[in-house]
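Working notes, beginning with the structure itself.
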Amino acid sequence: MAKFEMIKYRSHKYPQNIPLRIEEIAAHLDVCKIESLLDLSLHTEYSYDKRKLNSETVSAFPEIVAAQKNGVPQLWKNEVWSLQFAGFIISLVDTSQQVRIIEIHPPFDDYANLRSFVSAYKVFESKIKEHFPKAEILIENRCGSLYRGGKFIISKIQDVFDLCNEIERIGLSLRIAYDLPQIYTAHNTSKEDAYFSILEKTKDIRKYIGGVHLWGKRLSDTGRKISHCGDLTSYFGNDSIKAAFLKAFNDCFDDDIVRKMVLEVNSGNKDLLSIIADLQSTNDDFV
């Protein structure tokens, strides 16, 4: 069976039989303070929309403030940016808090490529490990932004494969926060077999995957599908496809690795509980 450690997301209520030790906390560039009673999973800047970049906290890091295009942050511009980004994260965390996960996000391809990202990232990893030696650093594949001029360099499954090759080549401790719905979106997946072929390919890189994100989509009144709303039933729109997906998902991650799981559901507790029930129906285990 596939095994996961659940990360608490927002104010959702989880079934009592699912342990919660870690909470996902916003740590984007406009955040000034972090609070949680649980251990921390820091969801750092993801460059979807504009940021103010004018707080006292971020203003101490001029390279970060300068790295933006029309207000949308440009991540991993250079090694100086990376050192300041590590400093920004360190400044947010009280010494009494336990950082378990730091989730980062890829740069855009109008100023960066995989090699330049890895070069910049290495100094970040070294600095972070000095302060948070037990923290796991995960990078999330991304698709979609209000940024104009470039696309995320880690979006499709081949991008993830290429990153895994770099991780292996250089010996980085970086792992993947595998957002499966974003992979599907990046591939414009709509045919039934594509859902399963991507999961089958994922088996080849699963040892590099440290976390998984799942969420639903639901049709709005205008007929547009809204991300992070709904459950897997509304996402797939077909019970047989959903059942086949759940089996393929379990098969993909059925190894001896316990991965972190974040259910990024913004539409209410009912949808989150529905996804949990679906996962448990195929014997996914939460430890």
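Computed from a predicted model, the values in this text were never measured in an experiment. Residue numbers start at 1 and run along the sequence shown.
Between Asn266 and Arg10, some side-chain heavy-atom pair lies under the 4.5 Å cut-off. Counting heavy atoms from C-beta on, the side chains of Tyr48 and Arg142 come closer than 4.5 Å. A heavy-atom distance below 4.5 Å is not found between the side chains of Leu75 and Phe117. Residues Tyr235 and Leu214 fail the side-chain proximity criterion, which asks for heavy atoms closer than 4.5 Å. Proximity of Glu264 to Pro181: side-chain heavy atoms (C-beta onward) are nowhere separated by under 4.5 Å. Between Ile209 and Ile176 there is a side-chain heavy-atom pair separated by less than 4.5 Å. Inter-residue side-chain proximity for Leu53 and Leu29 is flagged as met; some heavy-atom pair is nearer than 4.5 Å. Considering only heavy atoms from C-beta on, Arg175 comes within 4.5 Å of Ile167 through its side chain.
With hydrogens and angles left out, the side-chain atoms of Thr202 and Tyr178 include a donor and acceptor closer than 3.5 Å. No hydrogens or angles considered: a donor-acceptor pair under 3.5 Å links the side chains of Trp215 and Asp179. Tyr111 and Asn78 are not linked by any side-chain donor-acceptor pair at a separation below 3.5 angstrom, with hydrogens and angles left out of the test. Side-chain atoms of Asp284 and Asn250 include a donor-acceptor pair closer than 3.5 Å.
Listed for the Ser55 side chain is no donor-acceptor partner under 3.5 Å among the backbone atoms of Asp30. Counting only distance, with no hydrogens or angles, the side chain of Arg148 and the backbone of Ser145 share a donor-acceptor pair below 3.5 Å. Side-chain atoms of Ser119 do not come within 3.5 Å of backbone N or O of Ser116 as any donor-acceptor pair. A donor-acceptor pair under 3.5 Å is absent between the side-chain atoms of Ser155 and the main chain of Ala186, judged by distance alone. For the pair Asp285 (side chain) and Lys3 (backbone), a donor-acceptor distance under 3.5 Å is absent. Judged by distance alone, the side chain of Ser91 and the main-chain N or O of Phe88 form a donor-acceptor pair under 3.5 Å. One N or O on the side chain of Gln84 and one on the backbone of Glu63 form a donor-acceptor pair closer than 3.5 Å.
Closest non-hydrogen pair, Glu166 versus Leu114, comes out as CG-CD2, 3.7 Å. When all heavy atoms of Lys217 and Thr185 are compared, the pair lying nearest together is NZ-OG1, 3.3 Å. The two residues Asn141 and Ala177 come nearest to each other via the heavy atoms OD1-O, 3.3 Å. The nearest pair of heavy atoms linking Glu35 to Ile25 is O-CD1, 3.6 Å. The shortest non-hydrogen separation linking Asp251 to Lys203 is O-CE, 3.9 Å. Between Cys229 and Ser234 the shortest heavy-atom distance is O-OG, 4.4 Å.
A cation-pi arrangement, defined by a distance under 6.0 Å to the six-membered ring centre and an angle within 45 degrees of its axis, is present between Arg51 and Tyr46.
Proximity of the aromatic rings of Phe4 and Phe249 is defined here by a centroid distance below 6.0 angstrom, and this criterion is met. Two rings, from Phe108 and Phe152, have their centers less than 6.0 Å apart. When ring centroids are compared, Tyr195 and Phe236 come within the 6.0 Å threshold.
Linking ILVMFWY side-chain heavy atoms closer than 4.5 Å, directly or via other members, places Val265 and Tyr14 in a single hydrophobic cluster. Ile241 and Leu219 end up in different hydrophobic clusters when Ile, Leu, Val, Met, Phe, Trp and Tyr side chains are linked at under 4.5 Å. Ile89 and Leu172 fall within the same hydrophobic cluster, where Ile, Leu, Val, Met, Phe, Trp and Tyr residues are linked whenever their side-chain heavy atoms come under 4.5 Å apart, directly or through other members. Hydrophobic clustering of Ile, Leu, Val, Met, Phe, Trp and Tyr side chains at less than 4.5 Å, counting indirect connections, unites Ile128 with Val118. Follow the hydrophobic side-chain contacts under 4.5 Å out from Ile90 and you never reach Val80; the two are in separate clusters.
Annotation: the span from Ile275 atom CD1 to Leu263 atom CG amounts to 5.5 Å, rounded to 0.5 Å. Rounding to the nearest 0.5 Å places CD1 of Ile154 at 11.0 Å from NE2 of His105. Rounded to the nearest 0.5 Å, atoms CD1 (Ile18) and CD1 (Ile276) are 4.0 Å apart. How far NE2 of His28 is from OG1 of Thr44: 10.5 Å, rounded to the nearest 0.5 Å. With rounding to the nearest 0.5 Å, the separation of SG in Cys143 from NE2 in His187 is 9.0 Å. Rounded to the nearest 0.5 angstrom, Asn269 CG and His12 NE2 are separated by 6.0 Å.
Residue Glu56 places its CD atom among 12 or fewer non-hydrogen atoms of other residues, nucleotides or ligands, all under 6.0 Å distant. The neighbour count for Lys69 NZ, taken as heavy atoms of other residues, nucleotides or ligands under 6.0 Å away, is above 12.
Ion pairing of Glu125 with Lys122 is absent here, as no side-chain N (NZ or NE/NH1/NH2) approaches a carboxylate O to less than 4.0 Å. For the pair Arg100 and Glu5, the salt-bridge criterion is met [side-chain N within less than 4.0 Å of a carboxylate O].
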